[in-house]
Structure formats: C-alpha cells, structure tokens
Amino acid sequence: ANFDNYIYPSRYNDEKEMVRYFAFEFIAEEEIENNTNWSIKSEKIKADGVIYGVIPKNNSNISELQSKLLESSNGHNQFVFILPKQFKDISAIAQEYKAVSILKELVIDDAVLLDEYDVIYDDLREIINSFISTYTHPEEAKATYIHNGELKSITRKATLTGLLSDICDDVYSLTPVVNNEALNRDELTSVANNSRNKLIAALLRNNLEHNLGLTGAGQEVSMMRSTLVRTGILETDEEHTKLNLNPSDVLVKNMLSTIIEFIVEGKEKGEVSLAHLYERLQSPEFEIGLRKGLIPIYVAVVFHEYKKEIILQDRFGQIAINADTLVQINANPAGYSLVYLDWNPEKQEFISKLTDVFSDFIVEEEKASGAYEFVVSAMRRWYLSLPKYSKELKKKTNGEKVNKRYVSLLRLLKQGVSGHELLFEKLPKEFGYNETFNVGLVENIEACKKFYDESLSVLKKALIDDVKKIFEHCFITKSSRSK
C-alpha cells in the first residue's frame, strides 16, 4: 500500500558510500516481554537493523508496553521501537482490505464489478496508509520512539534517519569505505559477478601482472580501482606490482588483519571453518559489517600472500584455491574449512626437484594457480601415460615382487588423493619418512618413476633373451640328434 518496508540511514550511507537499511516490521503486543532478546527474535530478518512498529491491544496497555520496551530494548543497539500514543483498531479494515484484494483478482474480466471493488479498495488503502503514517511520519506527533532503553525526541523524518545513522556509526564503526555500488551489496548481478571473478582470478595468480593484467574500460577495471587501488592495497609501477596488507587506511588495514588473524588461528588449531571468518567480517558484533559482494576480493588479496601456507577443504577433501572456490565459499562458508601448512625452504626445494623429475608432464599455465598442485597434476599425467602392463605390474621379469612402495605410489595417484595429502602425508609415510619430512623423498620417487618408465623395455629385453635361449636350446638339441 505505497509503503516502503525499509528506512535508510542517509548520512551514514553517504559517508560510507554504501546502502545500509533498517527493516520496518509490525509486532503485536503479545510478542513483547521485559526480557525479550531482540537479537534472537530478529535473526531471520535480512537488514542492518530493525524498526518495530508496536501494535497495542487497547489504550490501557500502552503505558505498560512502554515500560516493557524501555527495559527489553536496553543493550540492543540495532533496534528502534515505535509505539502509538493512541490505540486504533485496524484489524477489521485490514481483513476487509485483504478480502477485496483477492476479489479484485477474481473479477478482473468484469469491468463494472472491478470498478466497484477499486473504489472500496482505494478507500481502505487510504485508511491503512493513515494508520502506517502514525509510525513512519514523526511530524504527526502520534507516536513515541524508543531506542536502547531510552525515549527519543523525534519530530521529523530527518531526525529518525539521523538516529539510524548514529546507530550505524556505533554498530558498524569499522566498515571500510569502498565506493563501488555494483560490489558493495550482498547479491550481485550476473554481469558484476563475472567481472568480480576476473579480478579474483587475477589476484590468485602466483605472479601478479601489471594492473593485475586488467586493461581497458571494463567493469573489472573499475572494481580493481575502487577496491584495491584507492584503498592503498594494490601498489603498481612500471617494474613491480605488489599487494600491501598494511595500507594507511586504518579501516581497510583492520579488515585485512581480521583475515590474516583467521589464517593464524588455522595455524594454531590445525583447521578452522570459513564460517568463523565470515562471521567476523559480517556480524555486527565485530563492527566491520562487510557486504558479501566484497568479501571474496579481500580474501583473495590475503590468500595470495599466504597461498603456500594454506589449504582449502570441503567435506570431500582438498580443493583448488581459485575464483570458483572463493565464490562457492561466499555462498556457503560453513561448508568449507582452512588448514594451515607449515611451508618452509625444504618443502620448496622438494617441489623444485619434483618439478624437474616430471618436467615432461608439467603444464606451465598450471604453475600460476598454486604452489604444488601443478606437480601433482604432472604426476597424474605421467601415471596415465604408462602402458597397462606397467600400471598392473606386480612382479619383475626375474620373479621378484615389485617394491611395495612403488605399487603404493601408483595406487595413490589412481585414487586421486589431494595434493597436500599425497606429497606431504601419504608418500612420506609410504617411503618411510614417518617422523619428519625429508627432501630425500624425491630420490625415492625418481627411482620409482625410472622403474616404471623402463618396465616395458625390461620386459621386451627379457622376452628377447628368453626367445634366444629357446632357439639356442632347439639348435643344440637338433645338433645332438643329427650326430
């Protein structure tokens, strides 16, 4: 009925270059108690705060309701309560309005009857709008306003929106300013989503390109400037491009520090749910209140710097750190977790040597997406290139059993074990490095690769030798008989 379900903190939104909003909800007298927990009651309402329009049962209860609201609202900063000074029974009008709305839909083909219903409908809507304006038009002086245990003197709409801005100043005091309307929201359009994903992918490359490789006047370039350049995160010149996790903007720095602290927590606990990170970035409790549209970009910024030290997992195991993964996490952070990997020079040397061993199967483009997954992919390509005989080999040509560690390596590659688990857990265990990781493992893997690479040639040589022996035996036997 020409009523906006949201009221906006105008000043705050202008200063923060974003749109926060308070939902307007009617609430019956019966739902209010002295100890009502408004945070729990409103947890399903998607808004930055809630304005409750209280509907009393009669005039005699208004004073008692005011006392209950003054007590129960204390300590609940995100909520404003509007209580009418006089009771007005609107229930019969509301029911009639709903009935007429339904009847209008049923007689849409009957012009005469529809006109009659329209007249009744407009009259009823005017009455309902007048009732709603009691709550939403402070200048009418027909209601009392309560916030955080106090009566508020509000006589103009500007004063009401000013109160909402003050609330946001307090509740979301650590929100950084990011001037990009397409991103600074919870739900993105498909076009904005695609542009953001290009930016995320560029941030997650091992080596950052100049301006992240983004050129022209596309939306992704505008996003890069507003989220990274103007915030002091992306520093680029003709020779170098780097990410600054300690920018001069204290609010941006605090946001990045929150993500870094989450990774450190992963190091201390071993594994942490991404839901905890999102709670810290979004929940009013932590005062940042970041919109979901922005989160994957700043997570990608920090993950770029810690890529070698972290592993992302879903319920099935390790997953790649890429733009698609961060978008999926953004949709359901509780379904994913972060594990910290203690990266060191020894592990880096191990990966470098393993890269040399499987150099024929390395895809250069894959190196940009991770610290070691490209090596695992190369190992799997090597396994797939082996002939069936080599893959199924259990005994050597001399009858000896194949080294069980070699058989285990092929089995693990066939199973599709995650990269981290394969290189730093399963293979060290199979080759006897149970206590501490040792770069010497690469020599064992190289010997295993050489064994299987040469297995078919060894078989051919053994068959040739066997055939020679057969012919030699036949020749000797025939010669003996001729004598």
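The closest side-chain donor-acceptor pair between S133 and E140 falls under 3.5 angstrom. Residues K308 and Q348 have side chains that bring a donor and an acceptor to within less than 3.5 angstrom of each other. A donor and an acceptor atom, one from each side chain of Y12 and D166, are nowhere located under 3.5 Å apart. Using modelled atom types and a 3.5 Å distance limit, the side chains of T236 and T241 yield a donor-acceptor pair. Neither side chain, H304 nor N206, offers a donor N or O lying under 3.5 Å from an acceptor on the other. One side chain, N61 or E29, offers a donor N or O that lies under 3.5 Å from an acceptor on the other. Residues T325 and N322 have side chains that bring a donor and an acceptor to within less than 3.5 angstrom of each other.
The neighbour count for E346 CD, taken as heavy atoms of other residues, nucleotides or ligands under 6.0 Å away, is above 12. Residue K98 qualifies as open at atom NZ: its count of foreign heavy atoms under 6.0 Å is 12 or below. At most 12 non-hydrogen atoms from other residues, nucleotides or ligands lie less than 6.0 angstrom from CD of E187. The environment of K292 atom NZ is dense: over 12 non-hydrogen atoms of other residues, nucleotides or ligands sit within 6.0 angstrom.
To the nearest 0.5 Å, atoms CG (D169) and CG (L164) are separated by 11.0 Å. In this structure, CG in L160 is found 5.5 Å from CD1 in I7, a value given to the nearest 0.5 Å. Note that the OG atom of S42 and the CD1 atom of I27 stand 10.0 Å from one another [nearest 0.5 Å]. Separation of atoms CD (Q282) and CG (L294) is listed at 10.5 Å; rounding is to 0.5 Å. Interatomic distance, S165 OG to D170 CG, rounded to the nearest 0.5 Å: 12.5 Å. With values rounded to the nearest 0.5 angstrom, L214 atom CG is found 6.5 Å from L199 atom CG.
No option in R291, K16, E17 other than R291 meets the side-chain contact (heavy atoms from CB on, under 4.5 Å) test with N184. A side-chain contact (heavy atoms from CB on, under 4.5 Å) with L228 holds for exactly one of V252, L234, N244; it is L234. When each of Y21, F26, F22 is checked for a ring pair (Phe, Tyr, Trp, His ring centres under 6.0 Å) with F24, only F26 meets the rule.
Side-chain contact between F303 and L204 is present, with at least one heavy-atom pair separated by less than 4.5 Å. Two residues are said to be in side-chain contact when any heavy atoms from C-beta on lie closer than 4.5 Å; Y306 and L245 meet this criterion. The closest side-chain heavy-atom distance from N254 to I288 is below 4.5 Å. Residues V178 and R230 are not in side-chain contact: their nearest non-hydrogen atoms beyond the backbone lie 4.5 Å or more apart. Between L256 and I233 the shortest side-chain heavy-atom distance falls below 4.5 Å. Contact check for N246 versus K253: side-chain heavy atoms found under the 4.5 Å cut-off. No side-chain heavy atom of P84 sits less than 4.5 Å from a side-chain heavy atom of I55. Between K198 and Q219, every side-chain heavy-atom pair lies at or beyond the 4.5 Å cut-off.
Salt-bridge check for E150 with K152: passed, with a basic side-chain N closer than 4.0 Å to an acidic carboxylate O. Taking a cutoff of 4.0 Å between a charged side-chain nitrogen and a carboxylate oxygen, K353 and E349 qualify as a salt bridge.
A donor-acceptor contact shorter than 3.5 Å is absent between the side chain of Y117 and the backbone of S101. Within the 3.5 Å criterion, the main-chain N or O of R280 finds no donor-acceptor partner in the side chain of S283. S73 contributes a side-chain N or O that, together with a main-chain N or O of G149, makes up a donor-acceptor pair within less than 3.5 Å. Counting only distance, with no hydrogens or angles, the side chain of T355 and the backbone of I351 share a donor-acceptor pair below 3.5 Å. With hydrogens and angles disregarded, no donor-acceptor distance shorter than 3.5 Å links the side chain of N211 to the backbone of G213. Checking side-chain atoms of R381 against main-chain N and O of F361 turns up a donor-acceptor pair under 3.5 Å. When atom types are taken as modelled, the side chain of S222 and the backbone of G218 share no donor-acceptor pair closer than 3.5 angstrom. When atom types are taken as modelled, the side chain of K157 and the backbone of H137 share no donor-acceptor pair closer than 3.5 angstrom. At least one donor-acceptor pair closer than 3.5 Å links the side chain of R196 to the backbone N or O of G293. Remark: side-chain polar atoms of Q78 are not paired, donor with acceptor, to backbone N or O of V171 under 3.5 angstrom.
Taking the six-membered ring for Trp and thresholds of 30 and 60 degrees, Y6 and Y8 have ring planes inclined between 30 and 60 degrees apart. Ring geometry for Y372 versus F424: interplanar angle over 60°, hence perpendicular rather than tilted (30 to 60°). Relative orientation of the W38 and F79 rings is tilted, given thresholds of 30° and 60° on the angle between their planes.
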### Task
Go through the steps for E421 and K426 under the test salt bridge (Lys or Arg N to Asp or Glu O under 4.0 Å), then give the verdict.
CA-CA 6 Å; E421 189 178 3; K426 296 289 188 181; 3.8 Å; yes
### Task
Go through the steps to decide whether L208 and L212 satisfy the test side-chain contact (heavy atoms from CB on, under 4.5 Å), and finish with yes or no.
CA-CA 6 Å; L208 297 176; L212 301 182; 3.8 Å; yes
#### Entry: Working for salt bridge (Lys or Arg N to Asp or Glu O under 4.0 Å), residues E15 and R11
CA-CA 6 Å; E15 291 174 359; R11 175 186 56 76; 3.2 Å; yes
### Task
Could you check K142 against Q86 for side-chain contact (heavy atoms from CB on, under 4.5 Å), going step by step and ending with a plain yes or no?
CA-CA 7 Å; K142 293 181 179 179; Q86 294 292 324; over 6 Å; no
### Task
Run the numbers on T36 and E31 for side-chain contact (heavy atoms from CB on, under 4.5 Å), then give the verdict.
CA-CA 8 Å; T36 301; E31 298 180 63; over 6 Å; no
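The heavy-atom pair separating A143 from K85 by the smallest distance is O-CE, 3.6 Å. In this structure, V301 and L203 approach most closely via the heavy-atom pair CG2-CD1, 3.9 Å. Between V375 and I362 the shortest heavy-atom distance is CA-CD1, 4.3 Å. Nearest approach of I200 to P296, heavy atoms of both residues: CD1-CB, 3.5 Å. Looking at every heavy atom in both residues, E220 comes nearest to S195 through CB-O, 3.5 Å. L69 and I146 get closest at one heavy-atom pair: CB-CD1, 3.8 Å.
Figure legend: K104 and Y121 shown as a cation-pi pair, the cationic atom lying under 6.0 angstrom from the six-membered ring centre and within 45 degrees of its axis. A cation-pi contact links R20 to Y172, judged by a cut-off of 6.0 Å to the six-membered ring centre and 45° from its axis. By the 6.0 Å and 45° rule, K57 does not stack over the aromatic ring of F87.
Under the ring pair (Phe, Tyr, Trp, His ring centres under 6.0 Å) criterion, Y298 pairs with no residue, sequence neighbours left out.
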